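Just so you know, residue 1 is the first one in the sequence shown, and it goes up from there. When a ligand or atom number is given, it counts from 1 through the structure's own listing order. What you see is a predicted model; the values in this text were computed from it and never measured.
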Amino acid sequence: MCGIVGYIGSKSALNILLEGLTNLEYRGYDSAGVAVSVNGQVELYKAEGKLQNLKDVVALKKEHVEKSTIGIGHIRWATHGAPTTVNAHPHSCNCGKVAVVHNGIIENYKELRERLEKNGCTFRSQTDTETVAHLVASKFAQTKDLTEAVRLATKEIEGAYALCVIHQDVKDTIVATRRNAPLLVGIGENEYYLASDVPAIIQHTKKAMYIDDNQIVTLTPNSMKYIDANKNILEPKIEHLPWEPVALSKMGYKHFMLKEIHEQPDVVRNVLSGKLRAMDENITLNEVTLNKDKLKELNRIQIVACGTSLHAAMIGKYIIEDFCGIPVDVEPASEFIYRRTITDEKTLVIGVSQSGETADTITAVRQAKALGSHILIVTNRPDSTMAREADSLIPVNAGIEVSVAATKSYMAQVLSFYLLAIYMAEVKGKNNLEKLKHELIILPQKIEEILAHKEEIQACAKKFANSKDFIFIARGINFPTALEGALKLKEISYINATGYTAGELKHGPIAMLDESMPVLSILMLGKVYEKILSNSEEAKARNARMIALTNSTDKKLEDLFESIIRVPEVDEMLSPALAIVPLQLLAYYIAEFLGKDVDQPRNLAKSVTVE
Ligand code: AGP
């Protein structure tokens, strides 16, 4: 969603801000802006649409703007007010001396706006953020101290925010604060950076400090003052950022999504490394501080997640119930938070999130924590807000994922659930999982085999790219695979795609079948293979265009299916980890064939930080 970058030091701020915003583009946005201080004047530059539009605006005054050594920048994903230039951040006050960038939502902005308007403030935009600019300006008029003005303003603000503020009358200073939205300070030599996420600054410094809720940082080129909401001075906790700038390069691939799909064999190796050593050794999960006695006491597991992470969680339910006999409920976090939920100290609540910043999932785990449940977080971002809520943490180690459509992080989440389920089963005394462990160890080679034949999937994509709709069917453990395959396709190609359990087809969706409807059957050998095959016959009898994704070598399939995508043989329980790869590629190639913006699909954001 929105992104923040700030810089104060001796270099030209403009290039650092634009480069930082470019590295946050993947998060999804619809306008952009920067505020810089040039010759003692705060100047705002904004543009709707892609960052290039902002670059074109500043290019007109490049020599002038480049003189600035202090600035704040923002990419906005519209929530309050349309994605227009006037609604783009930074926002300012009546006299134009303040500039504010903001991630999050000011929930009481209507009351604040009414009050500020009565006091003479003139609003230019429809945003919630503009109230902060006017509020800070009015507090500054009283205190003549920017840090204090920000502190007093935040006492009146309800909601979530990461804020960076500059003021024309306070030279060479940026004040930053946050509540329920991430913000970090990057530390250089006589310079500081601010960012809502690591990629914005990682090419400049690996030394950083995460700001916590309600803390305020005041930066000058040579100093950092760090206080809490009651003005107590805090000791900065400096960390080393475990990221490499190279992770942000496409490494020769046309899109990040394609690169990330290809990284999956190594992602699997990473996830398993140090945890699954040999098929005859028990799984070790050092990260799981959930003690073994507590695990034995559990009578229920509740998993909360959204989108792709929800599909990984559904596979988690299937395998944990199968291996451990513990009942598992999975619910979209956005539903879980608006009803009475029955979780207690005997319930393990697992939050799953690639970004660790999804607002609905954060709220869900906080609600469960308040009811006494142990919170286990499965995330790709151990530095995220959600990870900080965890009693136990499983970092999934997929590496930074840039494409909005999640691929390798899904693979890492699914693999983490296999490890967790086997670990829990072994704690409960189950010991017949050698075959599955062996299959896990050889999984990367099988994924590599699929990637080596990607041209066949590309050909299939070309054949079906002009379809208006798509149906994916599966049963059992691959039902979430059908949902995830359909989600991938609709996210990046905008084709209306739906996943169904194959058995449900005849209870309604079959009415939609005709010669224009592709039906992709996920036909993995095992318990439900024959059942899905007969559901596929039913679809074929209604003239649907049939595609099989299968590990069967049965020649008869050629009579039933127009296209067959083959994957290597695999244990049915592990088949979701293999079956998803061709579906990711199919979605990718269809979107690419249709000329869509694969890495930054319309209306989507990489992390959804609003409920
Ligand atoms: C995945 O392709 C999507 N972009 C989206 O569904 C995503 O999985 C969802 O928003 C949850 O995000 P999270 O894993 O970061 O919590």
Under 3.5 Å side-chain donor-acceptor pair for Ser403 and His255
no

Tell me, which protein residue and heavy-atom name are nearest atom 9 (C) of ligand 1, and how many Å apart are they?
Cys306 O, 3.7 Å

side-chain hydrogen bond (donor to acceptor under 3.5 Å, both in side chains), paired with Lys408, selected from Glu401, Glu260, Gln264, Glu263:
Glu263

Test of proximity, Ala405 against ligand 1: N or O pairs below 3.5 Å:
no

Just distances here: any N/O of Ser355 and N/O of ligand 1 closer than 3.5 Å?
yes

Establish, from distance only, whether the side-chain atoms of Thr407 and Gln584 form a donor-acceptor pair under 3.5 Å.
no

When you check the gap from the basic side-chain N to the acidic O, do Lys606 and Asp197 get nearer than 4.0 Å?
no

As an exercise, identify every atom of ligand 1 less than 4.0 angstrom from a heavy atom of Ala406.
1 (C), 2 (O)

Numbering as shown, the atoms of ligand 1 that approach Thr308 to under 4.0 Å (heavy-atom distance)
1 (C), 2 (O), 6 (O), 8 (O)

Output the list of atoms in ligand 1 that are nearer than 4.0 Å to some heavy atom of Ser309, sorted by atom number.
8 (O), 13 (P), 14 (O)

Any carboxylate oxygen within less than 4.0 angstrom of a Lys/Arg side-chain nitrogen, looking at Glu449 and Lys446?
no

I'd like to know if the side chain of Asn87 pairs up with that of His80 as donor and acceptor (distance under 3.5 Å, no hydrogens or angles considered).
no

What I want to check is whether the side chains of Lys490 and Thr498 have a donor and an acceptor closer together than 3.5 Å.
no

In this structure, does ligand 1 have an atom that sits under 4.0 Å from one of the heavy atoms of Thr361?
no

Sequence neighbours excluded - salt bridge (charged side-chain N to carboxylate O under 4.0 Å, His left out) pairs with any residue from residues 348-367
Arg366-Glu389

For ligand 1, does Lys488 get within less than 4.0 Å through its side chain, its backbone, both, or neither, judged by non-hydrogen atoms?
side chain

Hey, looking at atom 5 (C) of ligand 1, which of Lys606, Gln354, Glu491, Met386 has the closest heavy atom?
Glu491

Nearest-contact summary for atom 16 (O) of ligand 1 - protein heavy atom, Å
Thr358 OG1, 2.4 Å

Provide, to 0.1 Å, the distance between atom 10 (O) of ligand 1 and the closest protein heavy atom, together with that atom's residue and name.
Val608 CG2, 4.0 Å

Counting from 1, what ligand 1 atoms have a heavy atom of Ser353 closer than 4.0 Å?
13 (P), 14 (O), 15 (O), 16 (O)

